[in-house]
Amino acid sequence: QDVQAIRRIVGLALAHALTHYASEDQFLRGAKCREPLPLESTLVMLTGLAGVGKSKILSALARLLLRGHKVRVSKDLPEFPITPVVTAFVGPNIRHVDVMNEIADCLGLGAVGSDDSADDRERSKSTYAKADRDSIRHAKLRLYQQGVCSFLGDELQFLTRSREANALLTKLLAFFAVFGIPVVYACNYSAGHRLKMRPQEDRTRLLYDPIILLPDPP
């Protein structure tokens with residue numbers, strides 16, 4: 001079951017790669033902002049009972065897609081580190097700009113400087129001051145340049161503890177999608193039941209064909 005879930009998530013990432021990184025020429029045009037970057041993307045729910053292993057699958061997937069190597073496609077461009085996946089862990093009061101800085105942390109943005117005493121993660125937290133159009137465009141370009149093909153969001157049930165939970169969760173998921181990368185978001189059944197209360201267009205987009213994890217048999 002776990003392997004099947006990972007294969008499906010990797011399949012979404014592979015489809016994105018085959019579409020948006022089909023050739024060196026396509027990458028050069030995208031990396032130089034000479035053609036539009038990917039638009040809003042697919043959203044797939046990874047759900048199950050609490051403790052069934054959703055977070056473990058996402059962390060295993062991040063380990064499988066090793067990072068750290070760099071590529072240089074053209075002499076006109078610098079080397080780019082390859083980062084197949086980025087992750088965001090959702091807390092109770094997360095804002096859109098917090099999501100962007102989680103992405104910046106995964107990409108290593110803002111971690112370059114002369115202050116060796118500061119932690120890289122602390123430096124990257126201030127990479128984006130707000131989630132405006134220019135900041136989103138900058139993040140999308142960096143995501144494309146580093147070959148990111150999957151966005152993993154975890155612990156979204158934390159947003160279901162208020163009266164406005166349905167709207168907050170829907171807005172956050174819609175924000176995940178603006179980066180143009182396939183999104184797999186993990187949440188408990190409780191969050192899924194919340195999303196079932198949304199209008200039909202939201203249900204169709206957010207709950208279509210979920211990945212459901214069942215507890216292992218005794």
Side-chain angles (χ1 to χ4, degrees), residues 1-47 54-88 99-100 102-109 136-154 156 172-187 201-202 204-213:
Q1 169 177 247
D2 296 344
V3 172
Q4 288 175 346
I6 290 175
R7 283 182 179 274
R8 181 157 166 211
I9 297 169
V10 171
L12 292 169
L14 178 60
H16 179 85
L18 293 173
T19 302
H20 298 289
Y21 299 92
S23 66
E24 291 183 4
D25 184 60
Q26 183 184 22
F27 175 75
L28 289 172
R29 294 197 307 270
K32 293 181 177 181
C33 299
R34 293 179 180 172
E35 72 173 31
L37 293 173
L39 299 176
E40 292 191 0
S41 57
T42 304
L43 290 147
V44 174
M45 173 190 280
L46 174 66
T47 189
K54 301 180 293 294
S55 297
K56 292 296 184 182
I57 283 183
L58 296 186
S59 62
L61 182 61
R63 290 196 306 272
L64 285 170
L65 299 176
L66 299 177
R67 297 174 291 178
H69 60 287
K70 297 181 179 181
V71 296
R72 186 164 191 171
V73 178
S74 167
K75 63 180 181 180
D76 299 328
L77 291 173
E79 282 188 334
F80 289 116
I82 299 302
T83 310
V85 299
V86 293
T87 57
V99 173
M100 295 193 63
E102 290 263 8
I103 292 173
D105 185 62
C106 292
L107 298 180
L109 303 182
I136 292 172
R137 187 179 304 152
H138 177 269
K140 287 184 68 172
L141 178 61
R142 293 294 179 262
L143 287 165
Y144 183 80
Q145 289 173 340
Q146 295 196 24
V148 179
C149 293
S150 187
F151 185 106
L152 308 179
D154 198 7
L156 271 83
L172 185 64
L173 290 171
F175 185 71
F176 285 175
V178 302
F179 298 102
I181 300 165
V183 176
V184 177
Y185 64 98
C187 60
E201 59 271 21
D202 289 338
T204 300
R205 186 181 186 198
L206 301 177
L207 300 175
Y208 170 76
D209 200 15
I211 302 172
I212 301 174
L213 294 180

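We number each residue from 1, following the sequence as shown. Atom set for the values below is all heavy atoms of this structure, side chains included, hydrogens, waters and symmetry mates excluded. Computed from a prediction, not measured in an experiment: that's the story for all the values here.
Classified by interplanar angle (parallel below 30°, tilted 30° to 60°, perpendicular above 60°), the ring pair His16/His20 is tilted.
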Taking it one step at a time, do Ser41 and Val183 satisfy side-chain contact (heavy atoms from CB on, under 4.5 Å)? CA-CA 7 Å; Ser41 57; Val183 176; 4.0 Å; yes
Candidate pair Phe80 and Val73, rule side-chain contact (heavy atoms from CB on, under 4.5 Å), full reasoning: CA-CA 9 Å; Phe80 289 116; Val73 178; 6.0 Å; no
Applying side-chain contact (heavy atoms from CB on, under 4.5 Å), run through Thr87 and Asp154 and close with a yes or a no. CA-CA 8 Å; Thr87 57; Asp154 198 7; over 6 Å; no
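Note that the CZ atom of Phe179 and the CD1 atom of Ile103 stand 4.0 Å from one another [nearest 0.5 Å]. Interatomic distance, CD1 of Ile6 versus CD of Gln1, reported as 11.0 Å (0.5 Å rounding). Note that the CE atom of Met45 and the OH atom of Tyr185 stand 3.5 Å from one another [nearest 0.5 Å]. The OH atom of Tyr208 sits 9.5 Å away from atom OG1 of Thr42, with the distance rounded to the nearest 0.5 Å.
Side-chain atoms of Ser59 come within 3.5 Å of backbone atoms of Lys56 as a donor-acceptor pair (strictly under, hydrogens ignored). Panel note: side chain Thr47, backbone Ile212; no donor-acceptor pair is recorded below 3.5 Å. Judged purely by atom type and a 3.5 angstrom limit, Tyr144 has no side-chain atom pairing as donor or acceptor with the backbone of Pro38.
Just one of Val10, Leu58, Leu65, Val148 meets the side-chain contact (heavy atoms from CB on, under 4.5 Å) condition when paired with Val85; it is Leu65.
For residues 77-86, the set of pairs meeting the salt bridge (Lys or Arg N to Asp or Glu O under 4.0 Å) definition, not counting sequence neighbours, is empty. Sequence neighbours left out, the pairs with a member in residues 2-11 that pass salt bridge (Lys or Arg N to Asp or Glu O under 4.0 Å) are Arg8-Asp209.
When all heavy atoms are compared, the tightest approach of Lys54 to Leu46 is CD-O, 3.6 Å. The minimum heavy-atom distance linking Thr83 with Cys106 is given by the pair CG2-O, 4.0 Å. Across Ile181 and Ser150, no two heavy atoms sit closer than the pair CG2-N, 3.2 Å. Nearest heavy atom pair, residue Tyr21 against residue Cys149, reads CE1-SG, 4.1 Å. Nearest approach of Leu107 to Arg142, heavy atoms of both residues: CD1-CB, 4.0 Å. Contact detail for Glu102 and Ala88: the closest heavy-atom pair is OE1-CA, 4.2 Å.
In this structure, Leu61 and Val184 have side chains that are not in contact, with every pair of non-hydrogen atoms separated by 4.5 Å or more. At a threshold of 4.5 Å between non-hydrogen side-chain atoms, the residues Ile211 and Ile9 count as touching.
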Per-pair distances, 0.1 Å, donor-acceptor, side chain in residues 25-34, under 3.5 Å, sequence neighbours excluded:
unit_1, atom_1, unit_2, atom_2, d
Asp25, OD2, Arg29, NH1, 2.3
Gln26, OE1, Ala22, N, 2.7
Gln26, NE2, Thr19, O, 3.1
Arg29, NE, Glu35, OE1, 2.8
Arg29, NH2, Glu35, OE1, 3.0

